[in-house]
Every structure is written in C-alpha cells, then in structure tokens.
Amino acid sequence: MKRIEIYSIIVGIVFIVSAFAKALSISHFAKIIADYGFENLQFLSIFIVFVEALLGLALIFQIYLKQTSSIGILLLTFFTIIYAYGLIFMDIKDCGCFGNISILNTSPIFIFIRNAVLTYMLVFIWVFGRAQTKELNSTIKFIIAVIFFAMCTIAFISGYNYQYVNKNNENRIISIKDSALKDIVNISKDSTYFIFAFSYNCPHCLNSIANLKEYKETNIADNIIALALGDTIIEEAFTEIFKPNFPIRNYAKELLKLTNTFPKAYYIRQDSIIVELSGELPCAYLFKKLHLQ
C-alpha cells in the first residue's frame with residue numbers, strides 16, 4: 001500500500017469518527033458554537049458533520065484526492081484557528097471535535113499536535129494526489145451504497161439528537177421535583193447547593209476539580225456535593241491526588257439517569273435549579289459574575 005493511500009485512510013477514519021461522535025451529541029457541539037458567540041449559527045453543526053463524513057468517505061475510497069484534501073486542509077485550518085481564539089480569549093478548552101467522547105477530546109496541546117499531523121498528511125495527499133477519481137468501474141455501486149447508507153445514518157442520528165441551545169435561557173429556573181436530582185439528593189429549601197456530577201475517568205472533570213475546591217473556599221453555596229460515577233477504590237486514588245474539600249457520593253449506573261454528559265453542575269436555591277452547566281467549570285469569579293449577579 002502506498003504512503004498516500006495510508007494517509008488517506010488514516011485521515012478519512014479520523015473525519016468519519018469525528019462526524020459520528022458529533023452526531024451522537026450534536027446538541028453539545030451546537031452549544032460549543034453558541035459559546036463562541038455564534039448562537040444563530042448553531043444549525044451549522046449538522047452541516048459540519050455532513051461535510052466531515054463526506055470528506056472522510058472520499059479519502060478512504062480515494063475519490064478526487066486533490067480536491068478532497070484541499071477542502072480538508074481549509075476546514076482543519078479554520079477549526080484550529082477558531083479553537084485557538086476560543087482558548088486564548090474565551091477560555092474554551094473543549095473543542096468538541098469528538099462530541100462527548102472524553103478520551104478523544106484531550107488537552108489543548110494534544111489537539112494542536114493532532115491537527116498539525118493531520119494537516120501534514122492532507123498536504124502530502126494534495127501534493128501527490130490525483131486531480132480525478134481513480135477507476136471505480138467494478139466497485140462504484142458498492143461505494144455509492146456505503147456513502148448513501150453512512151449519510152442517511154448521520155442524518156438520522158443528528159436529527160434525533162439535535163436540540164437548539166438558547167443561551168438566554170441557560171439560567172432558566174427548574175423545580176427540583178421536575179428534575180432527576182430529586183431521586184439522588186435531598187434538598188432543603190432553606191439552603192443553597194452546588195451539585196457537581198462527574199466521572200473519575202473524564203479529563204474535563206478532573207480539570208474542574210481545582211475550581212470546585214475554590215467554590216467551596218469562597219462559599220458560593222451552603223453545600224457543595226460531588227456525585228461521582230465510580231466506586232470507593234478509584235475514589236481513594238482520586239482523594240490522594242486532588243485532596244477534595246467537599247464530600248463525594250459514588251454512584252454506579254443510577255447516576256446516568258441524571259446525565260450522560262460529564263461534567264455537569266447545578267446551582268440550587270429555594271428548592272429550584274437556578275443554573276445548570278455542562279463542561280469544565282469556570283473559576284469562582286467568572287461563575288459569580290456570569291450567573292449570580
């Protein structure tokens with residue numbers, strides 16, 4: 001197998017995995033677009049998923065490599081610049097490249113390195129790729145069927161999971177009795193609570209722990225409670241490393257009834273959810289400025 005074919009397959013697989021992962025949590029990706037200040041362009045989340053899927057399939061099947069790789073270079077460069085802007089000026093660390101698959105959405109440094117490697121492969125494909133598609137006579141029906149099935153699957157998954165995120169309603173008030181929290185924690189109307197749901201294996205969750213400790217130290221709420229997806233064995237290692245100043249309650253699958261997106265946080269006052277957050281926690285100063293003033 002030639003080098004250009006290997007690169008095409010590798011980059012194609014990355015694009016397809018990214019597209020399917022985004023489709024499975026398309027609302028999360030739409031929220032990231034809104035976080036960048038483009039709330040009215042959230043519909044582009046589905047369009048981006050479609051483009052990534054088509055690019056990935058075209059690269060794997062070696063179709064119009066010069067044209068496909070050039071589009072891939074432009075798309076990847078654009079995403080990298082936007083992510084760098086959000087990271088530097090807006091403290092947005094979640095690129096949303098692979099939806100809610102935490103193990104793939106890693107540190108900013110790794111994201112830049114990964115994008116640089118993929119861009120190098122795409123440039124190589126563009127330089128040495130053919131301007132026209134290769135001969136597909138005997139397999140064109142199969143390829144068309146695969147592409148059609150993949151795009152229909154993407155369309156169904158994206159449409160099923162899509163939900164418009166209204167940033168103006170992010171702080172909408174929800175009664176505890178209308179939330180799954182009612183089955184997990186006991187809430188007193190006379191106290192305020194900050195509930196943090198996380199997984200011990202989620203890097204975004206672990207990156208939030210220092211800020212959560214700051215929430216406790218600055219008395220953002222009367223009670224700060226962490227709900228963890230895990231057991232006491234992994235909690236021991238976690239406690240030794242992070243030395244939390246807040247209580248932790250371990251749960252198995254029952255925590256997934258509350259959310260399947262980690263981390264997730266809730267600010268509760270007078271028996272109602274006043275603020276609901278997804279993703280890494282902002283520092284205490286920003287949380288107070290954005291949500292409590």
Is there side-chain contact between [X] and [Y], with heavy atoms separated by less than 4.5 Å?
X      : Y      : answer
Asn211 : Pro282 : no
Ile268 : Phe194 : no
Ile187 : Leu181 : no
Ile184 : Ile195 : no
Val185 : Leu227 : yes
Glu52  : Ile16  : no
Asn223 : Thr192 : no
Pro108 : Tyr83  : yes

Is it the case that over 12 heavy atoms from other parts of the model lie below 6.0 angstrom from the [atom1] atom of [X]?
X      : atom1 : answer
Gln270 : CD    : no
Phe242 : CZ    : yes
Asp178 : CG    : yes
Lys257 : NZ    : no

Any side-chain to backbone donor/acceptor pair from [X] onto [Y]? Under 3.5 Å, distance only.
X      : Y      : answer
Gln62  : Leu59  : yes
Lys264 : Gly279 : no
Glu5   : Lys2   : yes
Thr68  : Ile63  : yes
Ser191 : Ser188 : no
Thr77  : Leu74  : no
Ser272 : Ile274 : no
Ser18  : Cys97  : yes

Transitively linked via ILVMFWY side-chain contacts under 4.5 Å: [X] with [Y]?
X      : Y      : value
Val127 : Leu76  : yes
Phe112 : Ile88  : yes
Phe78  : Tyr36  : yes
Leu212 : Ile241 : yes
Ile33  : Phe89  : yes

Residue pair [X] / [Y]: nearest heavy atoms and the distance that separates them:
X      : Y      : value
Pro244 : Ile248 : CG-CD1, 4.0 Å
Leu255 : Phe198 : CD2-O, 4.2 Å
Ala265 : Leu281 : CB-CD2, 3.8 Å
Asp222 : Asp190 : OD2-O, 4.4 Å
Ala284 : Ile220 : CB-CD1, 3.9 Å

Could you list the residues that satisfy salt bridge (Lys or Arg N to Asp or Glu O under 4.0 Å) with Lys213, not counting sequence neighbours?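 With neighbours one apart ignored, the set is empty.
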Only one of Phe287, Tyr266, Phe196 forms a side-chain contact (heavy atoms from CB on, under 4.5 Å) with Leu277, so which one is it?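 So, applying the side-chain contact (heavy atoms from CB on, under 4.5 Å) to Leu277 and each of Phe287, Tyr266, Phe196, only Phe287 qualifies.
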Is NZ or CZ of Arg3 both nearer than 6.0 Å to the six-membered ring centre of Phe124 and within 45° of the ring axis?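 Cation-pi check for Arg3 and Phe124: passes.
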Mark yes or no: Lys22 above the aromatic ring of Phe29, with NZ or CZ under 6.0 Å from the six-membered ring centre and no more than 45 degrees from the axis.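 Because its charged atom sits under 6.0 Å from the ring centre and within 45° of the axis, Lys22 does stack over Phe29.
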Using 0.5 Å steps for rounding, measure from the [atom1] atom of [X] to the [atom2] atom of [Y].
X      : Y      : atom1 : atom2 : value
Leu57  : Ile154 : CG    : CD1   : 8.5 Å
Phe50  : Leu44  : CZ    : CG    : 13.5 Å
Phe98  : Ile111 : CZ    : CD1   : 9.0 Å
Ile273 : Ser179 : CD1   : OG    : 3.5 Å
Phe15  : Ile60  : CZ    : CD1   : 11.0 Å
Ile73  : Met121 : CD1   : CE    : 13.0 Å

Tell me yes or no: between the side chains of [X] and [Y], is some donor less than 3.5 Å from an acceptor?
X      : Y      : result
Thr239 : Lys243 : no
Glu280 : Ser208 : no
Asn250 : Tyr200 : yes

Test side-chain contact (heavy atoms from CB on, under 4.5 Å) on Ile48 and Phe79; report intermediate values, then the result. CA-CA 11 Å; Ile48 292 171; Phe79 286 160; 3.5 Å; yes
Intermediate values then yes/no, side-chain contact (heavy atoms from CB on, under 4.5 Å), Ser8 and Leu65: CA-CA 8 Å; Ser8 296; Leu65 285 181; 3.8 Å; yes
In sequence, state the C-alpha distance, the side-chain angles, and the governing distance for Tyr267 and Tyr215, and then conclude on ring pair (Phe, Tyr, Trp, His ring centres under 6.0 Å). CA-CA 11 Å; Tyr267 181 79; Tyr215 284 24; 9.3 Å; no
Stepwise side-chain contact (heavy atoms from CB on, under 4.5 Å) test for Tyr251 and Leu258: CA-CA 11 Å; Tyr251 294 88; Leu258 174 64; over 6 Å; no
Applying ring pair (Phe, Tyr, Trp, His ring centres under 6.0 Å) to Phe43 and Phe47, what does each step give before you reach the verdict? CA-CA 7 Å; Phe43 66 91; Phe47 174 75; 8.6 Å; no
Could you go step by step and tell me if Leu256 and Phe262 meet the side-chain contact (heavy atoms from CB on, under 4.5 Å) rule? CA-CA 10 Å; Leu256 297 177; Phe262 298 103; 3.9 Å; yes
